[in-house]
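Quick note: numbers below take in every heavy atom, side chains included, and nothing from hydrogens, waters or symmetry partners. What you are looking at is a predicted structure, and each value in this text was computed from that prediction instead of being measured.
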Amino acid sequence: MKRSMHRLKGGRMPSAIWIMGWVSLFTDLSGQMIMPILPLYMTTVLHLQVAEVGIVEGVGESVASLLKLYSGLLTDRLGKRKLFMGIGYGLSNLVKPFFAISGTWTQVLLIRFADRFGKGIRVSPRDALIADSASEEERGKAFGFRRAMDALGAALGPLCAFGVLAFAEGNYRLVFWLSAVPGGLAMILLVVFLKDRGSRSPRDRVIGGASRGVQRIGIRQWDRRFVMFTLVFSLFTAANFSDAFLALQAQQVGMKPALIPLAYFAFNLVSSVSSMPVGALSDRIGRRPVLITGLFLFAAIYFGFGMADTVAWIWILFVLYGLYYAFTDGIQKAYIADLVPEGRRGAAMGTFNACTGIAALPASIWAGFAWQTLGSAAAFGISAGVAALAALLILILKI
């Protein structure tokens, strides 16, 4: 593993990180072919209310959150990163095309649940594998690379969806079926080429703190900074509702449905281009100032979405939204890896992912009801306020 770390310093990405980047690219290409149009499909084809969309998104993002914790615990104990990632990526990429034959909101909910169930299994082992494969001095760069590839796939997905919708006269179901192609490519890469480079011997895992006696469920076992960091980001996540609502706001302001995937393409492209440089920046100046900047940026963007009344502003806000992801998504995982020893990173990632995932459940649900009763400006305003509060807590508490 030391040898793979030195390759990162020399400018060449370790093979495990490189392959995981491409797996993330193809998986997100598949998922983001669907995500920009799924809320439109639910509201215009299935005739769901916004509150029902909120329930689907809230349950989809968090009902399997405990799996992120248990997969993190098990991957540390067994040292099997690839096994859990294979199960998780396989399930998600298998079920997503079945949106094409869904006819009710409960069917959409079940498919969305299975997709997020797979994500719950794979995320913690994936993050632990990346953390194990990079040195502390360039960990932000490694997570930034993974995030950049993830965002590039997420940018190409809406672009592909736009092309299909343009030439197939708004055929949502065809988009769902075609999403199986990049999903299949992701699985080939993972199964055939990825090696468990983060795995260590049972003796090493005991020394690293992943022994049967140490690996327990609960937050008391962790360092204070990790606990406080997890709690603050859980607070933020409870107010950070699904990106599906951005599509609904864009449509409400007047953006044509066929153009909404292009807005997602724009924000994911910006995120892809920015993630690796921002990750490298966090290696130089520290994770905290980068994360605080990202949270304040989120607050400004969501406040803007609530106030936007022209399509031009929607385009600008989508572009800026890509910067928010670059400043937070990979950086928070790199920071967690900084705070905990190597032998417990899977469990740490699982604990963080589980707590924030559970917090995500009420986010989209309350946002859907607030949207219907108070209007979209209120939903975006509440979320912006909580994001600003989270940034201040990190700054004041010196987490």
Check: V108 and M42 side chains under 4.5 Å, non-hydrogen atoms
yes
State, yes or no, whether a side-chain contact exists between D132 and R81 at a heavy-atom distance under 4.5 Å.
yes
Nearest heavy-atom pair of A100 and R173: which atoms, and what distance?
O-NH1, 2.6 Å
Any donor-acceptor pair under 3.5 Å linking the side chain of S275 with the backbone of S272?
no
Examine Y41 together with F176 and report whether their ring centres are nearer than 6.0 Å.
yes
Transitive ILVMFWY side-chain link V181 to W177, under 4.5 Å:
no
Side-chain touch I19/L190, heavy atoms, less than 4.5 angstrom
no
In Å and rounded to the nearest 0.5 Å, what is the CG to OG distance from L281 to S274?
11.5 Å
Centroid-to-centroid, W313 to F305, below 6.0 Å?
no
What distance separates I301 CD1 from F296 CZ, expressed to the nearest 0.5 Å?
13.5 Å
Side-chain heavy atoms of L291 within contact of F327, under 4.5 Å:
no
Does F162 form a side chain to side chain contact (heavy atoms under 4.5 Å, CB included) with L259? I'd like the steps, not just the answer.
CA-CA 7 Å; F162 170 77; L259 293 177; 4.3 Å; yes
How far does CD of Q32 sit from CG of D243, to the nearest 0.5 angstrom?
8.0 Å
Would V191 end up clustered with V23 when hydrophobic side chains under 4.5 Å apart are linked, directly or stepwise?
yes
Donor + acceptor pair across side chains of S24, R126 (<3.5 Å)
no
Could you tell me whether the side chain of R147 and the main chain of I331 form a donor-acceptor pair under 3.5 Å?
no
Side chain of S271, backbone of F267: donor and acceptor closer than 3.5 Å?
no
Test of ring centre spacing under 6.0 Å for F318 and Y321:
no
Linking I/L/V/M/F/W/Y whenever any side-chain heavy atoms sit under 4.5 Å apart, do L194 and V192 land together?
yes
Check for a donor-acceptor pair, side chain of S102 on one end and backbone N or O of T104 on the other, with a separation under 3.5 Å.
no
Applying ring pair (Phe, Tyr, Trp, His ring centres under 6.0 Å), run through Y325 and F298 and close with a yes or a no.
CA-CA 9 Å; Y325 269 102; F298 177 95; 8.7 Å; no
Side-chain contact test, heavy atoms from C-beta onward, threshold under 4.5 Å: evaluate it for L235 versus V386 and give yes or no.
yes
Can any side-chain N or O of D150 pair as donor or acceptor with the backbone N or O of L25 at less than 3.5 Å?
no
I17 vs F145, test: side chain to side chain contact (heavy atoms under 4.5 Å, CB included). Steps then yes/no.
CA-CA 8 Å; I17 297 175; F145 171 76; 3.7 Å; yes
For A247 against P39, the heavy-atom pair lying closest together:
CB-CG, 4.1 Å
Side-chain contact, heavy-atom cut-off 4.5 Å: M307 with F380?
no
Could you walk me through whether L323 and L297 satisfy the side chain to side chain contact (heavy atoms under 4.5 Å, CB included) test, starting with their C-alpha distance in whole Å, then the side-chain angles of each, then the deciding distance to 0.1 Å, before giving a yes or no?
CA-CA 8 Å; L323 287 177; L297 185 59; 3.6 Å; yes
Using a 3.5 Å distance criterion without hydrogens, assess whether the side chain of Q249 forms a donor-acceptor pair with backbone atoms of F245.
no
Ignoring hydrogens, what is the shortest heavy-atom contact between R345 and A131? Give both atom names and the distance.
NH1-O, 3.4 Å
Proximity of F99 and Y172 rings by center, below 6.0 Å
no
Residue set satisfying side-chain contact (heavy atoms from CB on, under 4.5 Å) with N93, at least two apart, ordered chain then number -> T27, S30, Y89, K96, A186, M187
Using the rule given for ring pair (Phe, Tyr, Trp, His ring centres under 6.0 Å), can you reason through F352 versus F226, listing the C-alpha separation, both sets of side-chain angles and the distance that settles it, and then say yes or no?
CA-CA 9 Å; F352 178 83; F226 172 74; 7.2 Å; no
Closest heavy-atom pair, P182 versus F26, reported as atoms and distance to 0.1 Å, is O-CB, 3.3 Å
Going through the checks in order, is the side chain to side chain contact (heavy atoms under 4.5 Å, CB included) test met by W366 and F369?
CA-CA 5 Å; W366 74 252; F369 284 103; 5.9 Å; no
I'd like to know whether K333 forms a salt bridge (Lys or Arg N to Asp or Glu O under 4.0 Å) with D127, so could you lay out the CA-CA distance, the side-chain angles of the two residues, the decisive distance to 0.1 Å, and finally the verdict.
CA-CA 7 Å; K333 302 299 178 60; D127 292 342; 2.8 Å; yes
May I ask you to decide if the ring planes of W18 and W22 are parallel, tilted or perpendicular, using 30° and 60° as cut-offs?
perpendicular
Between Y324 and D329, is any pair of side-chain heavy atoms under 4.5 Å apart?
no
Side-chain (D28) to main-chain (A154) donor-acceptor, under 3.5 angstrom
no
Any sub-3.5 Å donor-acceptor pair from N268's side-chain atoms to G153's backbone N or O?
no
Of all heavy-atom pairs linking N353 and V123, the shortest is ND2-CG1, 3.2 Å
Answer yes or no: is there a side-chain heavy-atom contact under 4.5 Å between L262 and P158?
no
Checking the side chain of T75 only, and the main-chain atoms of S71 only, is there a donor and an acceptor separated by less than 3.5 Å?
no
Using 0.5 Å steps for rounding, measure from the CD1 atom of I394 to the CD1 atom of I396.
11.0 Å
Could you go through the side chain to side chain donor-acceptor pair (under 3.5 Å) check for R288 and Y335 one step at a time?
CA-CA 8 Å; R288 289 179 66 252; Y335 190 45; 4.7 Å; no
Answer yes if I37 and V45 sit in the same cluster of Ile, Leu, Val, Met, Phe, Trp and Tyr residues linked by side chain heavy atoms under 4.5 Å apart, and no otherwise.
yes
Check whether any side-chain N or O of T237 sits under 3.5 Å from a backbone N or O of N240 as a donor-acceptor pair, and report yes or no.
no
For the hydrophobic clusters of this structure (ILVMFWY residues joined by side-chain heavy atoms under 4.5 Å, transitively), does one cluster hold both L38 and L178?
yes
Closest non-hydrogen atoms of R122 and G88, given as atom of the first, atom of the second and distance, are NH1-O, 3.8 Å
Between D338 and R287, does any side-chain N to carboxylate O distance fall below 4.0 Å?
yes
Here the gap from M228 atom CE to L339 atom CG, rounded to the nearest 0.5 Å, amounts to 13.0 Å
Spacing of L129 atom CG and S133 atom OG [to the nearest 0.5 Å]:
4.5 Å
